[in-house]
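These notes concern the structure reproduced below.
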Amino acid sequence: MSNRRFWLMKSEPDEFSIDDLIQSENQTTRWTGIRNYQARNFMRDEMKVGDGVLFYHSNAKPLAIVGSMYVSSEPYPDYLQFKPDSKYFDPKSTEENPRWMLVDVTFVQKFDPPVLREDLYDVQGLEDLMLLKKGSRLSIQPLTAREWEVIHELAGAVDIIKP
DNA sequence: GCCAACGTTGGC
DNA sequence: GCCAACGTTGGC
């Protein structure tokens, strides 16, 4: 698959973990709750069905890349922005002009063992990994093809293309 | 729990 | 459009 791009998406496992994804219907979930414009723009404007995505557990023990997924839908509105009882409700968003978009992602594989954050430092090929940059809070980050490959090698994993 | 590094808000 | 105040993220 040419023009396939690669991403890393963070989730706090207390909110939604890779095991939650595995147990989801069709092992697929809508990536709800993104309320950062840059992250939204990646999903809305740049992701394509079939893109590879690494699943990162943030605010967790251990901090780690725990598996991979692929983008499995076109972008569409995040329904939680319209639900007043949701913490992701946005009163300024309308059905006609939704502010927050998301994509579906589908499970590919779990890394066993996970690739620990602490083991990513000093790895050749990951010098520019956005995840490791100080103050990098972006919850969706682009990866180079090389970074994608190197992390798969660290995981002892084969890049399975499922879509 | 701390706090640095952001991103957003809103008065002006 | 500026920017101070505020809120959040997320590693440590």
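All values reported here derive from a predicted model rather than from experimental measurement. All heavy atoms count here, side chains included; hydrogens, waters and symmetry mates do not.
- Rounded to whole Å, atom P of C:dG11 lies 9 Å from atom CD of A:Glu12.
- In this structure the side chain of A:Ser24 never reaches within 4.5 angstrom of the side chain of A:Phe107, judged on heavy atoms.
- Contact between the side-chain N/O atoms of A:Lys92 and the OP1/OP2 oxygens of B:dG10 is found at a separation under 4.0 Å.
- Under 4.0 angstrom from either OP1 or OP2 of C:dC12 there lies at least one side-chain N or O belonging to A:Arg117.
- Here the side chain of A:Asp78 pairs no donor or acceptor atom with the backbone of A:Leu102 at under 3.5 angstrom.
- Residue A:Tyr56 places no side-chain N or O under 4.0 Å from the OP1 or OP2 atom of C:dT9.
- Put simply, CD on A:Glu118 is 9 Å from P on C:dC12, counting in whole angstrom units.
- Counting only distance, with no hydrogens or angles, the side chain of A:Arg40 and the backbone of A:Arg35 share no donor-acceptor pair below 3.5 Å.
- In this structure, NZ of A:Lys10 is placed 12 Å from C1' of C:dT8, rounded to the nearest angstrom.
- Of the possible polar contacts, one joining the A:Asp20 side chain to the A:Ser17 backbone as a donor-acceptor pair under 3.5 Å is found.
- Within the 4.0 Å cut-off from OP1 or OP2 of B:dA4, not a single side-chain nitrogen or oxygen of A:Lys134 is found.
- Nearest-nucleotide mapping onto DNA chain B: of A:Asn59 and A:Arg35, the residue sitting toward the 5' end is A:Asn59.
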